[in-house]
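Working notes, beginning with the structure itself.
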Amino acid sequence: MIVVTPIATDAVSPSTSARIVTVTMNPALDITTSTDVVMPTDKMRCGAARYDPGGGGINVARVAQVLGTSAVAIFPAGGASGDLVSALLGAAGVPVRRIPIAEPTRESFTVNERLTERQYRFVLPGPALSAAEQEECLRELRSLAASADFVVASGSLPPNVSPDFYNRVAGVCAQLGTQLILDTSGSGLRHLTGDRVFLLKPSVRELRECVRRDLPDETQRVAAARELIERGCAHNVLVSLGVQGALFVNAEGAQRYPPVAVRSGSGVGAGDAMIAGLAVGLSGGWSLTKSIRLGIATGAAMLMTPGTATCTRADVERLFDIAPEPIALADGSADL
């Protein structure tokens with residue numbers, strides 16, 4: 001396990017020179033609105049729509065920017081929806097490397113039901129990327145990753161992209177000596193080989209699908225995470241538990257990270273925000289333990305925002321100050 005050296009300050013932005021590169025192969029234009037009741041057949045009159053650039057790595061870059069750490073977002077985009085994603089990121093001050101593609105960027109539609117406070121999320125599959133467009137994404141990654149502290153690859157793959165694409169991303173990072181944080185699911189997760197991912201962040205559902213068995217309790221979840229490590233998928237596994245916090249597992253031990261209690265809100269992007277906080281901490285030289293606590297606080301702050309809006313730095317700082325210390329599990333270490 002690689003342990004980074006903690007720095008003296010407790011500021012949320014550990015280093016203004018930290019550099020994060022994110023890769024989002026299936027970005028989205030996120031559209032959020034609300035209506036009184038969601039029902040079949042009838043027309044549902046909605047409120048004003050909110051538009052945000054979305055997709056795992058893009059969300060990470062946006063939140064890292066909020067926390068004061070430079071992050072460059074690499075993503076393929078096409079059509080009017082892709083133009084709007086790029087424009088919204090530019091307006092937010094996030095540096096981008098857009099790879100033009102022939103097909104339009106997908107849209108993701110979220111409807112909040114006012115009467116019940118339920119949330120309905122409709123996610124489209126995304127465009128088909130040509131082989132040349134995929135290779136251009138990897139070339140852009142090679143050009144930026146060599147000078148990066150961390151690469152974060154996050155989100156789903158477009159329908160026609162080979163499931164081993166993230167394994168190719170891991171290979172590029174390994175060649176350049178850059179640490180990779182990966183947040184993906186399904187076949188992209190199952191095709192990881194070579195022990196080249198620094199940290200993998202599955203949800204419980206994604207972990208369950210990867211090992212193909214139920215994981216009803218903490219013991220079995222830790223065992224499944226360790227199974228991924230033994231397969232050579234990653235050095236470290238951080239399992240997000242939603243409102244229950246997270247589990248961290250590596251070859252040396254395991255820890256449970258309790259959640260930070262916040263008022264309920266939109267859950268869109270909370271997992272990406274957790275990764276952003278983690279990457280910001282690690283990029284500034286914080287320990288894994290402290291960086292994960294920052295990730296937990298950042299994910300909790302994201303729950304307080306409407307739709308896919310980013311969290312605020314003030315909320316992250318406040319929640320980080322009260323974030324509980326991790327609990328070492330039976331075979332775990334208290335200081336990872």
Side-chain angles (χ1 to χ4, degrees), residues 1-15 18 60 63-64 66-69 150 179 181 183 198-204 207 215 217-226 229 234-264 267 270-304 311-336:
M1 184 191 73
I2 298 174
V3 179
V4 291
T5 304
I7 61 173
T9 179
D10 280 334
V12 162
S13 179
S15 169
V60 171
V63 174
V66 167
L67 299 183
T69 296
F150 284 87
Q179 304 281 17
I181 298 171
D183 181 4
F198 170 71
L199 186 141
L200 187 64
K201 190 213 75 69
S203 66
V204 172
L207 182 62
L215 303 172
D217 56 41
E218 183 175 87
T219 299
Q220 295 191 50
R221 292 166 185 172
V222 170
R226 187 157 285 123
I229 295 169
H235 294 281
N236 305 284
V237 177
L238 181 64
V239 183
S240 59
L241 306 176
V243 296
Q244 297 178 340
L247 290 174
F248 176 77
V249 182
N250 64 14
E252 298 181 9
Q255 296 173 324
R256 182 195 311 122
Y257 284 77
V260 181
V262 296
R263 59 178 171 80
S264 178
D272 298 327
M274 183 169 78
I275 287 293
L278 168 71
V280 166
L282 291 176
S283 294
W286 286 12
S287 69
L288 265 170
T289 297
K290 190 174 181 181
S291 297
I292 295 171
R293 284 182 59 238
L294 179 58
I296 295 289
T298 309
M302 195 71 178
L303 295 174
M304 302 168 62
C311 54
T312 69
R313 181 165 174 165
D315 281 338
V316 173
E317 290 176 339
R318 176 176 58 81
L319 295 176
F320 178 69
D321 286 341
I322 62 173
E325 293 291 337
I327 300 166
L329 304 183
D331 60 349
S333 165
D335 187 14
L336 297 174

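No experiment lies behind these values; they were computed from the predicted model shown.
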(Q) So, using side-chain hydrogen bond (donor to acceptor under 3.5 Å, both in side chains) as the criterion, who are the partners of Glu218 when residues are at least two apart? (A) Arg256
**Q.** Which atom of Val260 lies closest to which atom of Pro324, heavy atoms considered
**A.** CG2-CD, 4.1 Å
Q. What is the minimum heavy-atom distance between Ala64 and Ala276, and which atoms define it?
A. N-CB, 4.1 Å
**Q.** Test item: Pro326 and Ile292 side chains (from C-beta on) under 4.5 Å apart, heavy atoms
**A.** no
Q. Is the closest side-chain heavy-atom distance between Ile296 and Phe320 below 4.5 Å?
A. no
Q: Output all residues satisfying side-chain hydrogen bond (donor to acceptor under 3.5 Å, both in side chains) with Thr312, sequence neighbours left out; order by chain, then residue number.
A: Asp315
Q | Residue that, paired with Val222, satisfies side chain to side chain contact (heavy atoms under 4.5 Å, CB included) out of Leu329, Val239, Val237 | A | Leu329
Q: Enumerate the residue pairs fulfilling salt bridge (Lys or Arg N to Asp or Glu O under 4.0 Å) with a member in residues 292-304, sequence neighbours excluded, ordered by first and then second residue.
A: Arg293-Glu325
(Q) Is any side-chain heavy atom of Asp272 closer than 4.5 Å to one of Val63? (A) no
Q: State, yes or no, whether a side-chain contact exists between Tyr257 and Ile327 at a heavy-atom distance under 4.5 Å.
A: no
Q. Residues in salt bridge (charged side-chain N to carboxylate O under 4.0 Å, His left out) with Arg221, at least two apart?
A. none
Q: Please round to the nearest 0.5 Å and tell me the distance separating atom CG of Leu199 and atom CD of Gln179.
A: 10.0 Å
Q) Taking atom CZ of Phe248 and atom CG of Asn236, what is their separation to the nearest 0.5 Å? A) 4.0 Å
Q. About how many Å separate CZ of Phe198 and NE2 of His235, when rounded to the nearest 0.5 Å?
A. 8.5 Å
Q.
Quick check: do Val249 and Arg226 have side-chain heavy atoms less than 4.5 Å from each other?
A. yes
Q.
Can you confirm whether Leu238 sits close enough to Leu200 that some side-chain heavy atom of one is under 4.5 Å from a side-chain heavy atom of the other?
A. no
Q) For Ser203, which residues count as a side chain to side chain contact (heavy atoms under 4.5 Å, CB included) partner, sequence neighbours excluded? A) Arg205, Glu206, Ser240
**Q.** side chain to side chain contact (heavy atoms under 4.5 Å, CB included) partner of Cys311, the single match among Leu319, Leu303, Leu67, Val316
**A.** Val316
Q) Sequence neighbours excluded, which residues qualify as side chain to side chain contact (heavy atoms under 4.5 Å, CB included) partners of Ala224? A) Leu207, Val211, Arg213, Leu215
**Q.** Atom of Ala251, atom of Ile229 and distance for their closest heavy-atom approach
**A.** N-CD1, 4.3 Å
Q | Side chains of Leu278 and Ser291 in contact at under 4.5 Å (non-hydrogen atoms) | A | yes
